[in-house]
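The analysis underlying the following values was restricted to heavy atoms, covering all of them including side chains, and did not include hydrogens, waters or symmetry mates. Nothing fancy with the numbering, it's 1 onward along the sequence.
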Amino acid sequence: RAFWGWLNAVFNKVDYERIQAVGPDRAASEWLLRCGALVRYQGSPKWQQDYNGLPTGPLGKYKIEAINATDSCIMYRGFDYLDGLEHVTDIRLEKCIYIQDECLQRLSETNNLQKSLLQLKIISCGNVTDKGILALHKLTNLEYLYLSDLPGIREKETTFHTLKQALPKLELELDLE
């Protein structure tokens with residue numbers, strides 16, 4: 001188990017030279033696919049899941065529009081890859097064992113995501129607590145938030161009331177026990 005944790009940390013190490021060389025969307029795509037996530041590019045209906053099948057073309061041609069991190073090993077350490085992404089409207093974090101409050105806080109503090117992110121789904125991420133959900137208040141353009149199977153959320157009423165006050169346009173869908 002320790003070996004897999006170490007390997008996943010290696011997969012999440014940010015290569016800043018790579019970001020400079022190939023651009024933020026390509027570098028983030030490589031990181032996400034390496035960690036088992038899927039990406040969808042602007043103007044494309046299909047999800048990219050094969051690292052070796054990443055599209056080639058001129059620098060900056062393919063812009064990530066959606067991220068599906070279901071069962072992936074993405075972790076806080078790799079979140080610097082998100083900084084340069086300007087077109088991400090939809091993120092799904094499902095069964096991500098390394099996603100915790102600090103990740104959601106980091107997501108919420110990413111300037112480009114504050115502007116572009118419209119939909120966020122957080123499902124079965126056992127390390128997420130009220131603190132992480134409350135941190136999402138900086139995603140001011142967020143229109144839809146789906147939360148399901150998050151046992152770390154203890155103060156449901158207070159947390160959701162506070163979030164709704166901060167983001168009055170937010171449609172909040174809950175499937176929590």
Visitor: Do Leu33 and Tyr62 share a hydrophobic cluster (ILVMFWY, side-chain heavy atoms under 4.5 Å, transitive)?
Guide: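 As far as the 4.5 Å side-chain criterion goes, Tyr62 and Leu33 are connected within one cluster.
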
Visitor: Are the side chain of Asn112 and the backbone N or O of Asp83 linked by a donor-acceptor pair below 3.5 Å?
Guide: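 Yes, because the side chain of Asn112 sits within donor-acceptor range (under 3.5 Å) of the backbone of Asp83.
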
Visitor: May I ask you to check whether Thr110 and Arg106 show a side-chain donor-acceptor distance below 3.5 Å?
Guide: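 Looking only at side-chain atoms, Arg106 and Thr110 do form a donor-acceptor pair, the distance falling under 3.5 Å.
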
Visitor: Just how far is it from atom CE of Met75 to atom CG of Asn127, taken to the nearest 0.5 Å?
Guide: 11.0 Å

Visitor: Do Tyr41 and Leu59 belong together in a cluster built from hydrophobic side chains that touch within less than 4.5 Å?
Guide: no

Visitor: Which of these, Cys73, Cys35, Ser72, sits in a side chain to side chain contact (heavy atoms under 4.5 Å, CB included) with Cys96?
Guide: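 Filter result, single survivor: Ser72.
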
Visitor: A side-chain contact here means heavy atoms from C-beta on lying under 4.5 Å apart; do Glu30 and Leu54 qualify?
Guide: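 Counting from C-beta outward, Glu30 and Leu54 do come under 4.5 Å.
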
Visitor: May I have the step-by-step check of side chain to side chain contact (heavy atoms under 4.5 Å, CB included) for Asp90 and Ile67, ending in yes or no?
Guide: CA-CA 6 Å; Asp90 190 354; Ile67 297 168; over 6 Å; no

Visitor: Hydrophobic clustering (ILVMFWY, side-chain heavy atoms < 4.5 Å, transitive) - are Leu113 and Val14 grouped together?
Guide: yes

Visitor: Between Ser29 and Tyr51, is there a side-chain heavy-atom distance shorter than 4.5 Å?
Guide: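 A side-chain contact is absent here, since even the closest heavy-atom pair is not under 4.5 Å.
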
Visitor: For a 4.5 angstrom cut-off between non-hydrogen side-chain atoms, does Ile74 reach Leu93?
Guide: yes

Visitor: Can you confirm whether Gln42 is buried at CD, in the sense that more than 12 heavy atoms of other residues, nucleotides or ligands lie under 6.0 Å from that atom?
Guide: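 Yes, because the 6.0 Å sphere around CD of Gln42 holds more than 12 heavy atoms from other groups.
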
Visitor: Mark yes or no for whether Glu102, through its side chain, and Tyr76, through its backbone, hold a donor-acceptor pair below 3.5 Å.
Guide: no

Visitor: Using the rule that two of Ile, Leu, Val, Met, Phe, Trp, Tyr join whenever any of their side-chain heavy atoms come within less than 4.5 Å, decide whether Val88 and Leu136 are in one cluster.
Guide: yes

Visitor: So, the side chain of Asp101 versus the backbone of Thr129: is there a donor-acceptor pair under 3.5 Å, distance only?
Guide: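 Checking the backbone N and O of Thr129 against the side chain of Asp101, a donor-acceptor pair under 3.5 Å is found.
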
Visitor: Would you find a donor on one side and an acceptor on the other, under 3.5 Å apart, between the side chain of Ser148 and the backbone of Ile123?
Guide: no

Visitor: Could you tell me which non-hydrogen atom of Ala27 sits nearest to which non-hydrogen atom of Ile19, and how far apart they are?
Guide: CB-CG1, 3.6 Å

Visitor: Which distance, rounded to the nearest 0.5 Å, do you find between the CG of Leu170 and the CG of Leu163?
Guide: 5.5 Å

Visitor: So, does Asp175 use its side chain to make a donor-acceptor pair with the main chain of Asp149 at under 3.5 Å?
Guide: no

Visitor: Taking the side chain as every heavy atom from C-beta outward, state whether Ile122 and Ile91 have any atom pair closer than 4.5 Å.
Guide: no

Visitor: Around atom CD of Gln49, are there more than 12 heavy atoms from other residues, nucleotides or ligands closer than 6.0 Å?
Guide: no

Visitor: Salt-bridged, Glu109 to Lys138, with N to O below 4.0 Å?
Guide: yes

Visitor: Would you say the side-chain atoms of His137 pair up with the backbone N or O of Leu134, donor to acceptor, closer than 3.5 Å?
Guide: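 Here the side-chain-to-backbone pair exists.
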
Visitor: Would you say Lys131 has more than 12 foreign heavy atoms packed within less than 6.0 Å of its NZ?
Guide: no

Visitor: Report yes if the side chains of Leu139 and Leu120 come closer than 4.5 Å at any heavy-atom pair, otherwise no.
Guide: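 They are in contact (side-chain heavy atoms under 4.5 Å apart), so the answer is yes.
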
Visitor: Quick check for you: to the nearest 0.5 Å, what is the distance between Phe160 atom CZ and Ile133 atom CD1?
Guide: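 Rounded to the nearest 0.5 Å, the CZ-CD1 separation comes to 6.5 Å.
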
Visitor: Would you find a donor on one side and an acceptor on the other, under 3.5 Å apart, between the side chain of Ser108 and the backbone of Gln105?
Guide: no

Visitor: Any idea which heavy atoms bring Asp130 and Gly152 closest together, and the distance?
Guide: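 Looking at all heavy atoms of both residues, the closest pair is OD2-O, 3.7 Å.
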
Visitor: Check the pair Thr89 / Gln119 against side chain to side chain contact (heavy atoms under 4.5 Å, CB included), numbers first and verdict last.
Guide: CA-CA 6 Å; Thr89 59; Gln119 288 191 39; over 6 Å; no

Visitor: If we ignore hydrogens and angles and just use 3.5 Å, is the side chain of Ser44 paired with the main-chain N or O of Arg40 as donor and acceptor?
Guide: no

Visitor: Are any side-chain N or O atoms of Arg154 and backbone N or O atoms of Pro151, one a donor and one an acceptor, separated by less than 3.5 Å?
Guide: yes

Visitor: Would you sort out whether Leu38 and Leu32 count as a side chain to side chain contact (heavy atoms under 4.5 Å, CB included), showing the intermediate values?
Guide: CA-CA 7 Å; Leu38 310 175; Leu32 289 160; over 6 Å; no

Visitor: Answer yes if the side chains of Thr70 and Asn68 hold a donor-acceptor pair under 3.5 Å, and no otherwise.
Guide: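 Note: Thr70 and Asn68 side chains meet the donor-acceptor criterion.
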
Visitor: Heavy-atom distance under 4.5 Å between the side chains of Leu118 and Leu142, does that happen here?
Guide: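 Sidechains of Leu142 and Leu118: no contact.
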
Visitor: What orientation do Trp31 and Tyr81 show, parallel under 30°, tilted 30 to 60°, or perpendicular over 60°?
Guide: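 Parallel: the ring planes of Trp31 and Tyr81 meet at under 30°.
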
Visitor: Side chains of Arg77 and Lys13: does their closest heavy-atom pair fall under 4.5 Å?
Guide: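 The answer is yes; the side chains approach within 4.5 Å.
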
Visitor: Using every non-hydrogen atom in the two residues, find where Ala28 and Ile64 come nearest and quote the distance to one decimal.
Guide: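 What the structure gives for the nearest pair is CB-CD1, 3.9 Å.
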
Visitor: For Tyr144 and Glu173, what are the C-alpha separation, side-chain angles and deciding distance, and is it a side-chain hydrogen bond (donor to acceptor under 3.5 Å, both in side chains)?
Guide: CA-CA 8 Å; Tyr144 178 78; Glu173 189 177 339; 2.5 Å; yes

Visitor: Return the minimal non-hydrogen interatomic distance between Asn141 and Gln114, and the atom names on each side.
Guide: ND2-O, 3.4 Å

Visitor: Could you give the distance from CG (Leu145) to CD (Glu171), rounded to the nearest 0.5 Å?
Guide: 10.0 Å

Visitor: Between Trp47 and Leu85, is there a shared hydrophobic cluster once you connect ILVMFWY residues whose side-chain heavy atoms come closer than 4.5 Å?
Guide: no

Visitor: Using a 4.5 Å cut-off on heavy atoms from C-beta on, say whether the side chain of Lys156 contacts that of Leu176.
Guide: yes

Visitor: To the nearest 0.5 Å, how far apart are CD in Glu143 and CG in Leu167?
Guide: 11.5 Å

Visitor: Counting distance only, does the side-chain N/O of Arg26 pair as donor-acceptor with the main-chain N or O of Pro55 below 3.5 Å?
Guide: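 At least one qualifying donor-acceptor pair exists.
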
Visitor: What's the separation between atom NE2 in His87 and atom OG in Ser116, rounded to the nearest 0.5 Å?
Guide: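 It comes to 8.5 Å.
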
